[in-house]
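No hydrogens, no waters, no symmetry mates; every other heavy atom, side chains included, goes into these values. Since the model is a prediction, treat every value here as computed from it, not as a measurement. Lettering of chains follows the sequences in order, A, B, ..., and the numbering in each one begins at 1.
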Protein chains: 2
Amino acid sequence: MAKATIDDVAALAGVSMKTVSRVVNKEPNVRASTREKVQAAIAQLEYRPSQSARSLAANRSYVLGLLYDNPSASYVIDVQEGALQTCRRAGYDLLIHPCRHNEPELADEVLALVRHSRVDGLILTPPLSDITQLVDGLVEAGVPFVRLSPTENKQACPYVQTNDQEAAYDMTCRLLELGHERIGFIAGHPDHRAVAERYQGYLAALKESRIKFDKTLVVQGYNSFDSGRECAAQLLGMNDRPTAIFASNDDMAAGVIIEAHHRGLAMPAELSVAGFDDTPVAHQIYPSLTTVSQPITEMASKAAELLVKQLQGKAVQMPAAIMSCRVIVRDSTGKR
Amino acid sequence: MAKATIDDVAALAGVSMKTVSRVVNKEPNVRASTREKVQAAIAQLEYRPSQSARSLAANRSYVLGLLYDNPSASYVIDVQEGALQTCRRAGYDLLIHPCRHNEPELADEVLALVRHSRVDGLILTPPLSDITQLVDGLVEAGVPFVRLSPTENKQACPYVQTNDQEAAYDMTCRLLELGHERIGFIAGHPDHRAVAERYQGYLAALKESRIKFDKTLVVQGYNSFDSGRECAAQLLGMNDRPTAIFASNDDMAAGVIIEAHHRGLAMPAELSVAGFDDTPVAHQIYPSLTTVSQPITEMASKAAELLVKQLQGKAVQMPAAIMSCRVIVRDSTGKR
DNA sequence: AAGTAAATTGACAGCGCTGTCAGTACGCCT
DNA sequence: AGGCGTACTGACAGCGCTGTCAATTTACTT
């Protein structure tokens with residue numbers, strides 16, 4: 001059976017091509033009885049509109065682009081899943097586009113992607129959400145986009161974020177409550193602003209406590225396992241070493257745990273460790289990692305929704321969705 | 001500047017639309033001087049062909065579909081990366097399509113995807129590579145596809161696979177060489193044939209050694225961390241417990257390591273553990289995991305290449321690419 | 001130099017759909 | 001019953017490209 005076209009459906013239903021088009025696109029002003037006739041014909045012929053033809057005629061692709069440069073496979077997969085949930089509901093496809101956030105030609109590359117009518121809109125994930133050049137380029141070109149966890153220029157486009165800093169604050173408070181007074185902190189990659197800003201939560205909690213801030217306890221990390229391990233070596237090599245280390249993400253926390261193992265430190269008895277993100281590794285290591293879980297899939301799904309709304313011309317209120325993180329207590333933290 | 005069309009280029013280059021089309025599509029029989037004129041015009045106008053128009057006219061989408069139902073984020077990401085490498089080179093886009101391998105409607109769902117002219121061809125990853133109904137459906141519908149690591153029906157379509165069993169054999173031999181005589185084995189999920197068949201390598205190595213096979217040392221796992229941990233509990237609870245455990249994948253091996261930690265077993269002194277896949281967790285746990293690395297990205301890239309070749313009508317020799325795994329020795333294995 | 005095959009080029013008709021706009025049917029008013 | 005506004009429907013012209021096929025030019029023969 002050759003693939004049915006809109007004409008076939010129109011003929012079978014006894015209406016015009018255009019009316020079939022209206023039904024398919026859920027346009028208003030079609031009589032209920034007509035709609036049913038058309039739907040019956042569609043079902044009978046197993047008609048599916050041709051994406052290419054729709055795209056050409058309507059000058060949209062019905063495809064969303066997902067841009068990322070994130071070293072965490074689980075993060076990316078979760079984002080993809082969330083975005084796909086919305087895409088499937090809304091009849092869009094998802095094109096994935098990994099790229100390098102420090103590539104100078106990034107903005108051009110992405111604009112090319114859009115200009116060639118391959119995608120109708122974009123979803124940016126950290127750290128791309130904070131690449132000014134890219135964001136500005138998109139705004140200037142009038143490309144619809146949404147961002148996940150941006151830290152600045154928030155009026156540029158709708159976005160979805162979590163209360164990261166608050167969660168980092170909570171986590172620090174918990175460590176303080178456990179009696180830790182010297183809490184090491186491994187800061188996130190400066191390019192990765194959303195991660196880097198978790199530091200503010202740490203600071204806030206310390207400020208609230210009576211404990212005085214010791215800046216030698218803060219080490220600059222770069223989000224990777226290896227970087228976490230190096231930072232841990234530095235912190236644990238101090239004469240007056242911290243009794244707890246809070247790393248800005250799980251990969252670095254895993255590095256801390258390994259380094260502690262190699263130094264023969266019992267966890268949590270001699271060292272408490274906390275991470276952030278609740279990646280799979282968090283419960284696959286020993287001891288299992290106390291961390292913060294973000295609703296990544298939902299964030300991505302929500303972001304895609306905001307984007308689709310934008311594409312449908314519906315106004316999206318700017319100060320967009322803010323979702324909540326959740327501290328997950330596992331075995332890597334304990335009383336001092 | 002409005003987006004340039006093929007007519008604009010043709011006018012500027014002083015040739016016909018069709019000739020521009022020939023240049024763009026790298027068709028033969030265009031004089032070198034003409035080609036250059038056209039290319040200059042293309043560059044000057046920053047012309048990019050409209051995907052939708054090409055698709056509509058040529059009746060292909062220039063999009064490959066990537067089907068997966070794999071719980072391992074790192075595996076999926078690597079496959080995506082490899083596939084994208086080829087896609088970018090060949091001018092294709094990649095549509096990702098996660099799905100459920102045990103969904104009864106799977107074949108219909110996928111065929112719908114293809115019929116709606118959204119993708120020109122498909123890449124299947126395990127365990128989908130071995131879903132007979134799906135594979136047969138695709139063959140019957142004449143949809144071009146390639147598979148990663150199929151275990152059966154290999155003449156159905158081109159494929160790329162690794163010498164898994166051989167690597168499992170090698171790994172087992174290494175454990176035997178280290179003096180282990182009771183080597184526990186955690187088998188892979190039966191639906192996940194490629195993983196499940198690693199068992200054959202284990203068997204082969206044992207058979208070759210003088211050691212007699214003890215079937216109580218073989219436990220059925222289901223590829224997950226939790227399942228690995230449960231299997232380990234069973235193996236380590238035996239009176240005459242194994243001195244080494246070889247898990248069919250890293251997630252399960254990580255489960256083994258956790259369970260061993262909880263039982264206070266020193267690794268590798270009291271227990272050697274080996275995994276398979278070299279996922280990120282392998283070097284993030286303590287002790288770091290001896291495992292087998294597969295060139296996943298290259299496999300996927302190669303698979304996409306085979307698919308593109310097929311789509312271009314070039315014949316692809318059936319018994320396709322076989323790539324090599326590599327044993328990676330880390331700290332989780334040692335002498336008995 | 002004429003003749004033939006091969007290389008190169010262009011004219012044109014769609015691909016299957018949507019946007020525009022004009023037309024027809026219907027509901028409700030006086 | 002006539003008039004008017006609104007709901008509904010259809011005719012038609014492209015969207016920007018590729019396939020077909022015929023026309024033209026070039027290359028190579030004898």
Side-chain angles (χ1 to χ4, degrees), chain A residues 1-39 41-42 45-63 91 93 115-118 120 311-313, chain B residues 1-39 41-42 45-63 91 93 115-118 120 311-313:
Chain A
M1 164 192 64
K3 217 165 39 174
T5 73
I6 200 170
D7 294 286
D8 302 329
V9 177
L12 180 58
V15 300
S16 78
M17 221 164 70
K18 182 64 210 182
T19 298
V20 176
S21 171
R22 288 197 179 90
V23 171
V24 168
N25 292 291
K26 301 187 179 38
E27 285 174 31
N29 299 336
V30 176
R31 195 176 323 193
S33 60
T34 308
R35 186 187 311 279
E36 278 159 27
K37 264 192 315 189
V38 171
Q39 281 168 339
I42 288 176
L45 296 175
E46 296 188 5
Y47 166 73
R48 302 292 156 197
S50 145
Q51 284 305 307
S52 335
R54 304 180 82 184
S55 304
L56 182 58
N59 195 30
R60 331 174 238 160
S61 62
Y62 301 93
V63 173
D93 279 325
R115 280 227 198 78
H116 309 351
S117 66
R118 293 176 106 122
D120 292 339
L311 294 175
Q312 292 171 344
Chain B
M1 165 191 65
K3 214 164 45 175
T5 74
I6 199 169
D7 293 285
D8 303 328
V9 177
L12 180 59
V15 298
S16 78
M17 220 165 69
K18 182 64 209 181
T19 297
V20 177
S21 171
R22 288 196 180 90
V23 172
V24 168
N25 292 291
K26 301 188 180 37
E27 284 174 32
N29 299 336
V30 176
R31 198 178 323 208
S33 61
T34 309
R35 186 186 312 278
E36 279 158 26
K37 263 193 314 192
V38 171
Q39 282 167 338
I42 287 176
L45 298 175
E46 296 189 4
Y47 166 73
R48 301 294 156 198
S50 145
Q51 284 307 305
S52 335
R54 305 180 81 184
S55 304
L56 182 59
N59 196 28
R60 339 175 231 158
S61 62
Y62 301 91
V63 173
D93 280 325
R115 283 228 197 77
H116 309 353
S117 67
R118 293 175 107 122
D120 291 340
L311 294 175
Q312 293 171 342

Could one point to a donor on the side chain of A:R48 or the base of C:dG16 with an acceptor on the other under 3.5 Å away?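 Answer no: no donor N or O sits under 3.5 Å from an acceptor.
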Options [options], nucleotide nearest the side-chain atoms of [X]:
X     : options                : result
A:T19 : D:dT9, C:dA11, D:dG14  : D:dT9
A:R31 : D:dC8, D:dC17, C:dT18  : D:dC8
A:M17 : D:dC17, D:dA13, D:dT20 : D:dA13
A:T34 : D:dT9, D:dT18, C:dG10  : D:dT9
A:A58 : D:dC17, D:dG10, C:dT18 : C:dT18
B:R22 : D:dC17, C:dT18, D:dT20 : D:dT20
A:K18 : D:dA11, C:dG16, D:dT18 : D:dA11

Please confirm whether the backbone N or O of B:V63 pairs with a side-chain atom of B:D93, one donor and one acceptor, at under 3.5 Å?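 Side chain of B:D93 to backbone of B:V63: no pair is present.
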Between B:S55 (side chain) and B:Q51 (backbone), is there a donor-acceptor pair under 3.5 Å?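 Between the backbone of B:Q51 and the side chain of B:S55 there is a qualifying donor-acceptor contact (under 3.5 Å).
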Nearest-angstrom distance from the residue atom CD1 of B:I6 to P of D:dG16: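 Going from B:I6 (CD1) to D:dG16 (P), I get 11 Å.
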In whole angstrom, give the distance that lies between atom CD of B:Q51 and atom P of D:dC17.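 Those two atoms, CD and P, are 10 Å apart.
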Using a cut-off of less than 4.0 Å, is there contact between a side-chain N or O of A:S16 and OP1 or OP2 of D:dG10?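 Checking A:S16 against D:dG10: at least one side-chain N or O falls below 4.0 Å of OP1 or OP2.
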Check this one for me: any side-chain N or O of A:R54 less than 4.0 Å away from OP1 or OP2 of C:dT18?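 So the side chain of A:R54 is within the cut-off, an N or O lying under 4.0 Å from OP1 or OP2 of C:dT18.
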Please figure out whether B:P28 or B:A57 has its closest DNA chain C nucleotide nearer the 5' end.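 Here B:P28 is the residue nearer the 5' end.
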